[in-house]
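All chains are named by letter (A, B, ...) in the order of the sequence lines, taking the proteins before the strands, and each is independently numbered beginning at 1.
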2 protein chains.
Amino acid sequence: MWKTILIYALLLAGLTAALKFLEYKYLLRDLSLEFYLGVVAVVFTALGVWAGIRLNRKKTLVVNAPATFVLNENNVRQLGISKRELEVLGLMAQGHSNQEIAEKLFVSANTIKTHLSNLFLKLEVNKRTQAVQRAKELGLIP
Amino acid sequence: MWKTILIYALLLAGLTAALKFLEYKYLLRDLSLEFYLGVVAVVFTALGVWAGIRLNRKKTLVVNAPATFVLNENNVRQLGISKRELEVLGLMAQGHSNQEIAEKLFVSANTIKTHLSNLFLKLEVNKRTQAVQRAKELGLIP
DNA sequence: GGTTAATTCACCCTTTCGGGTGAGGGCCAG
DNA sequence: CTGGCCCTCACCCGAAAGGGTGAATTAACC
């Protein structure tokens with residue numbers, strides 16, 4: 001941020017110097033006033049456009065559209081996953097810690113651990129990132 | 001698009017007219033050249049900044065997620081994510097532990113931890129499940 | 001030649017996870 | 001009413017992850 005501002009400041013300083021130089025030449029060679037002004041206008045417009053683009057650049061992150069999710073109930077039955085487990089699975093997939101999930105569901109963290117242990121068994125995984133992957137494949141979570 | 005260009009054209013025309021007017025007053029009232037040039041520079045810089053921001057303001061298009069994955073290189077650059085970091089990110093998203101990633105890339109687990117710490121900063125998260133979520137949204141991983 | 005960014009690694013510490021075991025209460029079908 | 005499933009919770013333990021700091025090496029850039 002400060003670096004960017006510094007760059008702008010230096011550029012403006014440089015341009016001001018160039019301006020002075022042009023002024024000097026103007027007085028010497030008697031260039032037309034219109035030409036002189038045109039150059040100044042064009043240069044500063046270009047600088048402005050560049051600065052504007054640069055300043056605004058961070059806001060152009062493109063996000064993928066959320067696909068419409070339909071839960072695969074067949075897989076849920078097949079794997080014997082309960083409602084509560086599915087609930088915990090969803091919250092876990094959103095990146096919550098066991099403690100956070102526990103607070104959201106008004107139960108203890110130990111309970112969440114039990115649910116997740118059972119889920120890991122049913123999904124045949126042993127890490128939550130793997131569980132999330134598998135659950136997405138199986139259409140258990142969006 | 002054409003409307004935008006038209007707006008710019010009209011604005012430039014207006015400013016040129018204003019320029020002429022100023023020039024007229026300059027000749028009449030003998031304002032200082034520095035002041036005159038300063039006004040021109042400031043006005044055109046402002047115009048440029050405005051145009052630059054407007055030109056660069058992309059609408060976030062809502063598109064169906066493509067079946068085939070294409071890395072969003074724009075987001076990669078925007079967030080300053082390096083090749084190596086992207087590599088680690090991909091393996092982490094596949095559910096590998098730091099140790100496993102380290103072995104796959106022939107580096108130490110400490111190195112992987114460093115890469116992930118930097119990634120978490122850039123993705124503004126603090127858990128790997130959140131990182132995976134965010135990375136998918138941003139088109140950094142399939 | 002100095003600067004910068006990227007990559008690599010080490011050491012510290014705390015928190016979180018994963019795995020195992022046990023157990024109590026509710027609910028429902030056989 | 002008994003066995004099975006679900007939900008709940010507790011305790012223990014070791015492994016993994018997260019956070020912070022510091023530093024060496026290399027390549028790229030000006």
Kindly indicate whether the side chain of B:R84, heavy atoms from C-beta on, has any atom under 4.5 Å from the side chain of B:V107. yes
Identify the residue among A:L86, A:V125, A:L89 that makes a side-chain contact (heavy atoms from CB on, under 4.5 Å) with A:L119. A:L89
Quick one: what's the B/S/- string for nucleotides 7-25 of chain D, heavy-atom cutoff under 4.0 Å, read 5' to 3'? SBBBBB----SBB------
Using five base pairs at each end to define the local axes, how bent is the helix from C:dG1-D:dC30 to C:dG30-D:dC1, to the nearest 10°? 50°
Pair up each side-chain donor or acceptor in residues 133-142 of chain A with any protein partner under 3.5 Å, not counting sequence neighbours, and list the distances.
from	atom 1	to	atom 2	distance (Å)
A:R134	NE	A:L123	O	3.3
A:R134	NH1	A:E137	OE1	3.3
A:K136	NZ	A:P142	O	3.4

Atom CD of A:Q130 and atom C1' of C:dG18 are separated, to the nearest Å, by 12 Å
Sorted by chain and number, sequence neighbours left out, side chain to side chain contact (heavy atoms under 4.5 Å, CB included) with A:E73 holds for A:L71, A:R77
Using a heavy-atom distance cut-off of less than 4.0 Å, which residues of residues 131-139 of chain A contact DNA chain D? none
Between C:dT7 (P) and B:L89 (CG): distance, integer Å: 13 Å
When you compare the protein's N or O atoms with those of nucleotides 24-30 of chain C, which come within less than 3.5 Å of each other, and at what distance?
none

Under the side-chain hydrogen bond (donor to acceptor under 3.5 Å, both in side chains) rule, what pairs show up with a residue in residues 108-118 of chain B, not counting sequence neighbours? B:S108-B:T111
Provide the closest heavy-atom pair for B:R128 versus B:H96 in the form atom of the first, atom of the second, distance. NH1-O, 3.0 Å
With A:N72 via side chain to side chain contact (heavy atoms under 4.5 Å, CB included) - residues at least two apart: A:N74, A:N75
For B:Q130, what residues pass the side chain to side chain donor-acceptor pair (under 3.5 Å) criterion, not counting sequence neighbours? none
Identify, with sequence neighbours excluded, every residue that meets side chain to side chain contact (heavy atoms under 4.5 Å, CB included) alongside A:L121. none
Identify the two heavy atoms, one from A:K127 and one from A:F120, that lie closest to each other, and give their separation to 0.1 Å. C-CZ, 4.0 Å
Could you note down all residue pairs passing salt bridge (charged side-chain N to carboxylate O under 4.0 Å, His left out) where residues 95-111 of chain B supplies at least one of them, sequence neighbours left out? none
Residues that A:K122 engages under salt bridge (Lys or Arg N to Asp or Glu O under 4.0 Å), provided they are two or more places apart: A:E85
Find out whether B:V132 and A:V132 are in side-chain contact, i.e. whether some heavy atom of one side chain is under 4.5 Å from a heavy atom of the other. no
Tell me: CG of B:L86 to C1' of C:dA5, nearest whole Å? 17 Å
